[in-house]
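Report on one structure; see the data block that follows.
Atoms considered below: every heavy atom in the structure, side chains included; atoms not considered: hydrogens, waters and symmetry mates. Just so it is clear: chains get the letters A, B, ... in the order the sequence lines come, proteins before strands, and each one is counted from 1.
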Number of protein chains: 2
Amino acid sequence: MSDHPHAQEAPGSVSELLERLDGAIDSFPKRLKQCASFTRRHLHLIAVSTVSEMAKACDVAPSVYMRFCQALGFSGYAELQGLFRARFAEFRPDYEVRLASLHEDGAIATSRLLTDFAEAGHKSLLSIANTVTSDVLDRIARGMASARVVHLVGLRRAFAVVSNMSYLLDKLGVPANLHYGAGMLNAHGAIFPGDVLFAVTFAPFSDETVRLAEAAAKRGITVYGLTDSEHCPVAEWATEMLIAREDEVAGFRALNAAITLTTTLAVSIRTLQQQS
Amino acid sequence: MSDHPHAQEAPGSVSELLERLDGAIDSFPKRLKQCASFTRRHLHLIAVSTVSEMAKACDVAPSVYMRFCQALGFSGYAELQGLFRARFAEFRPDYEVRLASLHEDGAIATSRLLTDFAEAGHKSLLSIANTVTSDVLDRIARGMASARVVHLVGLRRAFAVVSNMSYLLDKLGVPANLHYGAGMLNAHGAIFPGDVLFAVTFAPFSDETVRLAEAAAKRGITVYGLTDSEHCPVAEWATEMLIAREDEVAGFRALNAAITLTTTLAVSIRTLQQQS
DNA sequence: CGCCATGTGGAATATTTGTTCCATTTTGGT
DNA sequence: ACCAAAATGGAACAAATATTCCACATGGCG
């Protein structure tokens with residue numbers, strides 16, 4: 001005997017929310033559609049906005065946004081917002097406990113792992129929208145587009161990121177040079193004035209990457225950095241820094257934020273090329 | 001004649017805040033030091049937390065955190081928080097309007113790209129949760145965990161995926177062999193019975209990757225494939241296939257789905273190791 | 001054309017959150 | 001060991017925010 005024809009459970013994850021949003025949008029009246037489409041595109045705002053702010057952004061009354069939340073199965077805005085703030089329960093994550101529970105049941109664990117990583121991915125993507133300002137990205141794109149050669153360095157976990165970047169820059173016709181290997185990073189032999197260096201390193205930071213950034217900066221080369229924490233030592237030598245925080249699952253992190261940022265960077269360069 | 005010995009202006013940017021934090025931390029008493037050091041390391045939490053939450057995370061009383069804000073020159077927590085929420089004001093203008101003005105300002109175009117790629121990432125992650133069943137993932141994980149050597153092959157866009165996989169397998173102690181380079185893939189020289197091959201290729205499919213999968217399969221090697229479409233020719237030779245559909249933006253695709261799948265795979269292998 | 005069902009937004013209320021106050025504890029100097 | 005100054009945390013108060021309610025508008029259908 002509920003007020004709504006089909007009383008639903010509240011979505012418990014970002015994925016579920018997105019699915020419900022996509023499923024329900026057609027059956028919504030005008031104003032709720034407005035809410036749905038704006039919210040869909042600006043999920044990351046929910047964590048840091050009040051109902052009135054979201055309502056205003058959607059160009060509806062606060063009470064309408066309230067009904068929107070309820071139409072999705074939430075008790076109200078607070079519960080919806082909780083979904084996006086929940087990640088920060090990583091304060092005292094009882095790390096050990098999660099690890100233990102992870103291998104207690106193998107069959108279930110694998111299926112849970114996938115949804116956990118997908119969820120962590122959603123959150124990482126939200127996080128870059130929140131922490132990266134587009135003007136930094138824009139300045140880096142301009143710097144790379146006009147560089148003589150773009151040097152890429154990233155070891156271990158960061159290597160996938162720079163190798164992807166190398167592929168993208170190549171496709172765009174931007175001269176790029178991927179620095180490989182341990183002990184082989186050679187700033188003096190190959191890096192010249194007018195070049196830029198794009199250095200990627202995640203905590204714990206790779207000494208070699210940091211030293212290459214330092215050497216380049218000291219020779220007057222523009223250095224851009226991509227990392228996952230505010231304490232990256234490359235920051236000291238970099239003209240611009242990008243921070244891509246990744247949510248973790250059982251101590252492992254995927255590379256969603258970093259890959260998305262670098263891909264955006266590449267496409268952004270293309271936009272610049274097309275304008276000139 | 002202020003209450004505080006040196007009345008300061010409130011920091012107007014995150015950089016200023018950090019400088020003040022670093023400059024003042026030594027002169028702070030115990031509890032304020034706690035606030036400063038936790039806050040320094042978890043700046044990103046401020047935007048989405050209440051005073052009580054921050055205070056609790058710092059292990060101090062809310063009133064202490066309040067004084068901490070004031071010691072930094074803010075009128076209170078709200079003003080400090082404003083610093084981290086302020087940047088989102090730029091999202092307030094109606095979205096449709098911004099769409100039209102895409103070319104007039106580079107930073108706006110870049111910002112639009114970032115939200116588009118984040119959105120594409122969300123969709124890609126949803127897609128794997130919907131199309132990949134965990135038992136396939138589980139079987140691949142078991143196959144890899146018990147292989148003599150895991151051979152990895154992926155060229156061009158897929159290379160970042162396999163190089164990431166190579167890093168992860170290495171970290172887990174799974175013997176892995178990353179096959180590099182064009183024309184150099186050599187099935188006969190290095191792949192032996194008991195090995196498995198993990199082949200990654202996205203449309204348009206790389207001939208060399210497909211041929212290596214074929215050669216391996218014909219020699220009785222177990223082949224696993226990861227791709228982005230049902231029509232991948234590797235499927236013909238593979239024991240198991242993973243399909244990671246990626247959404248595109250302006251003809252470019254990030255690698256969210258593929259990276260998330262492979263990371264899940266790796267952690268899944270670790271789970272198996274811990275059970276035995 | 002008028003009625004009912006549904007959608008809408010402003011204004012009232014309840015709840016949460018930020019902020020201040022002050023009694024008590026701790027610290028450091030003599 | 002004593003005192004003064006500083007720091008601390010609980011509890012009261014103020015402000016902001018979420019949520020509900022209801023009068024009004026709108027659109028479909030007899």
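- Atom-to-atom, CZ of Phe68(B) to P of dG9(D) comes out at 15 Å; the value is rounded to the nearest Å.
- For Thr263(B), the side-chain hydrogen bond (donor to acceptor under 3.5 Å, both in side chains) criterion is met by no residue, not counting sequence neighbours.
- When the side chain to side chain contact (heavy atoms under 4.5 Å, CB included) test is applied to Lys171(B), the partners found at least two apart in sequence or on another chain are Tyr167(B).
- Of the possible polar contacts, one joining the Ser124(A) side chain to the Asp247(A) backbone as a donor-acceptor pair under 3.5 Å is found.
- Under the side-chain hydrogen bond (donor to acceptor under 3.5 Å, both in side chains) criterion, Ser268(B) pairs with Thr110(A), not counting sequence neighbours.
- Recorded end-axis angle for the helix from dC1(C)-dG30(D) to dT30(C)-dA1(D) stands at 20°, based on five pairs per end and rounded to 10 degrees.
- Applying the side-chain hydrogen bond (donor to acceptor under 3.5 Å, both in side chains) test to Ser75(A) and every residue at least two apart in sequence or in another chain returns Glu79(A).
- Protein atom CZ of Arg31(B) is 14 Å distant from nucleotide atom C1' of dA6(D), rounded to whole Å.
- In this entry the distance linking NZ of Lys56(A) with P of dG10(C) reads 13 Å, nearest Å.
- Per the geometry, NZ belonging to Lys33(B) stands 13 Å off P belonging to dT27(C), to the nearest Å.
- Taking Glu248(B) as the reference, Arg253(B) meet the side chain to side chain contact (heavy atoms under 4.5 Å, CB included) condition, with sequence neighbours excluded.
- Look at CZ on Phe74(A): it is 12 Å from P on dT19(D), rounded to the nearest Å.
- Rounded to whole Å, the distance from NZ on Lys30(A) to C1' on dG9(C) is 12 Å.
- Distance Leu32(A) CG to dG7(C) P: 8 Å, rounded to the nearest Å.
- The side chain to side chain contact (heavy atoms under 4.5 Å, CB included) check on Ala266(A) picks up Leu168(A), Leu172(A), with sequence neighbours excluded.
- Residues passing the ring pair (Phe, Tyr, Trp, His ring centres under 6.0 Å) test with Phe68(A), sequence neighbours excluded: Tyr65(A).
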- line: With sugar-phosphate taken as primed atoms, P, OP1 and OP2 and all else as base, the protein-contact string of nucleotides 15-23 of chain C at under 4.0 Å (heavy atoms; B, S, -) is --SSSB---
